[in-house]
Amino acid sequence: MPDDHTVVGRAVTIIEAVADYRDPVSLATLTRRTGIPKPTVRRIANDLVRRGMLELTREGYRAGTLLIYHGLRAAQQHGFVVTAQPYIQEIYLRTRGEIVWCASLYGGELTLNGSAFGRNYASVMKRQNWPSLASFGASMVLTAAGRLQIAAHEEQAEHILATGWAPLTQYSVTDPRKLRALLDEARDTGFVHEREQTAVGWSCVASAVRDADGTFIGAIGVTGRSAILEQRSLHTGLVRSVESLQHELHADRSAGLPLGQPTKSFSDVFAQYPRWTPNLAPLLDVASD
């Protein structure tokens with residue numbers, strides 16, 4: 001969000017910038033990302049460290065224990081997280097050990113809030129960033145979750161189609177016309193099958209979750225070995241599970257989420273996040289085992 005020159009606003013901006021990264025964030029990066037003067041960033045960030053909201057390491061700032069604690073407590077106050085968990089477990093059992101995830105939409109971006117996976121994928125989940133504008137840049141459109149998110153937001157879609165994105169594998173779509181067709185399909189069907197567009201040997205299927213009014217509020221997906229994710233029965237099971245989840249959410253209005261609108265123009269967002277290739281080494285390490 002833009003600098004509003006208030007202490008609270010700047011503190012929130014710094015926390016959001018730190019939360020965008022899995023690894024610690026240096027003072028220089030925080031200054032560049034937030035647009036706040038360096039001495040002010042240092043003063044506010046260090047105050048947040050003293051209050052437990054951030055932690056200062058040799059590499060930079062990261063989320064503090066108190067921030068994580070409150071985040072976990074807040075997540076349990078939203079029925080979507082709790083209601084979706086049994087469905088995640090059921091889908092996981094069907095996949096025989098692949099990664100099943102659930103994400104909710106807030107402020108225009110999907111955020112991971114639940115998952116199930118085997119011990120063999122623990123290193124991937126620890127090291128791999130969730131696809132976001134901060135971690136993938138415009139290339140997040142190549143992921144299943146990113147395609148559902150961007151398809152639901154016309155401004156995001158048109159900006160990426162106009163300015164381009166970096167391919168991540170030899171299978172990544174590069175033609176804007178083909179990408180537009182994929183986004184239209186994701187918007188119309190609420191289902192995405194991404195085949196090795198982010199990492200060779202890996203694919204993902206995802207289904208949109210909608211509220212009673214048909215508004216896109218989240219997604220459930222499966223990420224794993226491409227051969228396993230080609231199974232049609234897995235696709236059908238995923239869609240049916242999401243349909244059952246939606247019926248349960250519609251019956252219990254308290255299970256919804258405060259969606260919010262994007263906090264700023266996505267042209268500003270993409271100007272802030274440069275095009276870079278995300279670190280896919282954790283996926284490649286497992287794929288080579």
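Since this is a predicted model, take the numbers as computed values, not measurements.
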For Thr6, check side-chain hydrogen bond (donor to acceptor under 3.5 Å, both in side chains) against everything at least two apart and list the hits. Asp4
Quick one: pull up CZ in Arg33 and CD1 in Ile14 and give me the separation to the nearest 0.5 Å. 12.0 Å
Taken in chain and number order and not counting sequence neighbours, the residues that satisfy side-chain contact (heavy atoms from CB on, under 4.5 Å) with Thr111 are none
Do you see a donor-acceptor pair shorter than 3.5 Å between the side chains of Glu196 and Ser226? yes
Non-neighbouring partners of Arg119 that pass salt bridge (charged side-chain N to carboxylate O under 4.0 Å, His left out), sequence neighbours left out: none
Excluding sequence neighbours, so at least two apart, what forms salt bridge (charged side-chain N to carboxylate O under 4.0 Å, His left out) with Asp23? none
With sequence neighbours left out, what residues match Gln170 under side-chain hydrogen bond (donor to acceptor under 3.5 Å, both in side chains)? none
For Arg43, enumerate each residue passing the side-chain hydrogen bond (donor to acceptor under 3.5 Å, both in side chains) test, keeping only those at least two apart in sequence or located in another chain. none
With sequence neighbours excluded, residues passing salt bridge (charged side-chain N to carboxylate O under 4.0 Å, His left out) with Arg195: Glu230
What residues form a side-chain contact (heavy atoms from CB on, under 4.5 Å) with Tyr87, not counting sequence neighbours? Glu90, Ser241, Ser244, Leu245, Glu248
Counterpart residues, side-chain contact (heavy atoms from CB on, under 4.5 Å), relative to His235 (two or more places apart): Phe191, His193, Val205, Arg232
Under the salt bridge (charged side-chain N to carboxylate O under 4.0 Å, His left out) test, residues paired with Arg210 that sit two or more places apart: none
Residues forming a side-chain contact (heavy atoms from CB on, under 4.5 Å) with Ala144, sequence neighbours excluded: Val192, Glu194, Cys204, Ala206
According to side-chain hydrogen bond (donor to acceptor under 3.5 Å, both in side chains), who are the partners of Arg96, at least two apart in sequence or on a separate chain? none
